[in-house]
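Notes to accompany the following structure.
Positions are given from 1 along the sequence.
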Amino acid sequence: QVQLVESGGGLVQPGGSLRLSCAASGSIFSVNLMGWYRQAPGKERELVATTTNGGSTKYADSVKGRFTISRDNAKSTLSLQMKSLKPEDTAVYYCNFRRTGPVGASYWGQGTQVTVSS
């Protein structure tokens, strides 16, 4: 019983910035891995960035240095700050909360569209 809702997507010019947010509700107490994924037309869904409850982060090489993932545990919110956006960043961005280990689970939001175009 976990619900994830993304917001903040839209149209932006190359070089611009956007901040995506993911609001979580339900039984998320045991979640230990959170991340953002994206899927462009005709391509498979790919990892953008992840963060753990301990604060460690990982980024795809294509976004490293431009995107920053963060979380607010008190508000159960996950964010993605995107800077220096490129047309190739255009995709539907999805929030994911995951519990790893023998009793695993994975939860996805509905996605939010990001379009980078002049």
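A search for side-chain contact (heavy atoms from CB on, under 4.5 Å) contacts involving S84 returns R66, not counting sequence neighbours. For the side-chain contact (heavy atoms from CB on, under 4.5 Å) test, residues two or more places apart in sequence or in another chain that qualify with S27 are F29. Qualifying salt bridge (charged side-chain N to carboxylate O under 4.0 Å, His left out) partners for K64, counting only residues two or more places apart in sequence or in other chains: D61. The ring-ring contact (aromatic ring centres under 6.0 Å, His included) test applied to Y37 returns W108, not counting sequence neighbours. Taking the side-chain contact (heavy atoms from CB on, under 4.5 Å) definition, one finds that Q39 meets it with R45, Y94, sequence neighbours left out. For N53, the side-chain hydrogen bond (donor to acceptor under 3.5 Å, both in side chains) test picks out no residue, with sequence neighbours left out. Checked against side-chain contact (heavy atoms from CB on, under 4.5 Å), S76 has the following partners two or more places apart in sequence or in another chain: A24, I28.
Scanning all heavy atoms of the two residues, the minimum distance from A91 to A40 falls at CB-N, 3.8 Å. Across all non-hydrogen atoms, the minimal contact from V63 to V48 is CG2-O, 3.6 Å. Across Y59 and T68, no two heavy atoms sit closer than the pair OH-CA, 3.4 Å. The minimum heavy-atom distance linking L4 with Q110 is given by the pair O-OE1, 3.5 Å. The minimum heavy-atom distance linking T90 with V116 is given by the pair OG1-N, 2.9 Å.
Between the D72 side chain and the L78 main chain, no donor and acceptor come within less than 3.5 Å of each other. Formation of a donor-acceptor pair under 3.5 Å by the T112 side chain with backbone atoms of G9 is found in this model. Formation of a donor-acceptor pair under 3.5 Å by the T51 side chain with backbone atoms of S56 is found in this model. A donor-acceptor pair is defined here as one N or O able to donate and one able to accept, closer than 3.5 Å; such a pair exists between the side chain of E6 and the backbone of G111.
Put simply, V2 and M34 are part of the same group of oily side chains (I, L, V, M, F, W, Y) that touch within less than 4.5 Å, one to the next. In this structure, V92 is a member of the same hydrophobic cluster as L47, with clusters built from ILVMFWY side-chain heavy atoms closer than 4.5 Å.
Crowding of E44 atom CD: a count of heavy atoms from other residues, nucleotides or ligands under 6.0 Å not exceeding 12.
With rounding to the nearest 0.5 angstrom, the NZ atom of K58 is 6.5 Å from the OG1 atom of T50. Taking CG of L18 as the reference point, atom NZ of K83 lies at 11.0 Å (rounded to 0.5 Å). Remark: S106 OG to N96 CG distance equals 4.0 Å, nearest 0.5 Å.
Sorted by first and then second residue, the disulfide (SG to SG under 2.5 Å) pairs involving residues 34-63 (not counting sequence neighbours) form an empty list. For residues 19-42, the set of pairs meeting the salt bridge (Lys or Arg N to Asp or Glu O under 4.0 Å) definition, not counting sequence neighbours, comprises R38-E46, R38-D89. Evaluation of the disulfide (SG to SG under 2.5 Å) test over residues 45-88, restricted to residues two or more places apart or in two chains, returns none. Pairs passing the salt bridge (Lys or Arg N to Asp or Glu O under 4.0 Å) check and including a residue from residues 98-117, sequence neighbours excluded, do not occur. For the disulfide (SG to SG under 2.5 Å) condition, the pairs that include at least one residue of residues 62-118, sequence neighbours left out, are C22-C95.
Counting only heavy atoms from C-beta outward, the side chains of L20 and V114 approach each other to under 4.5 Å. Using a 4.5 Å heavy-atom threshold, the side chains of S17 and V12 count as separate.
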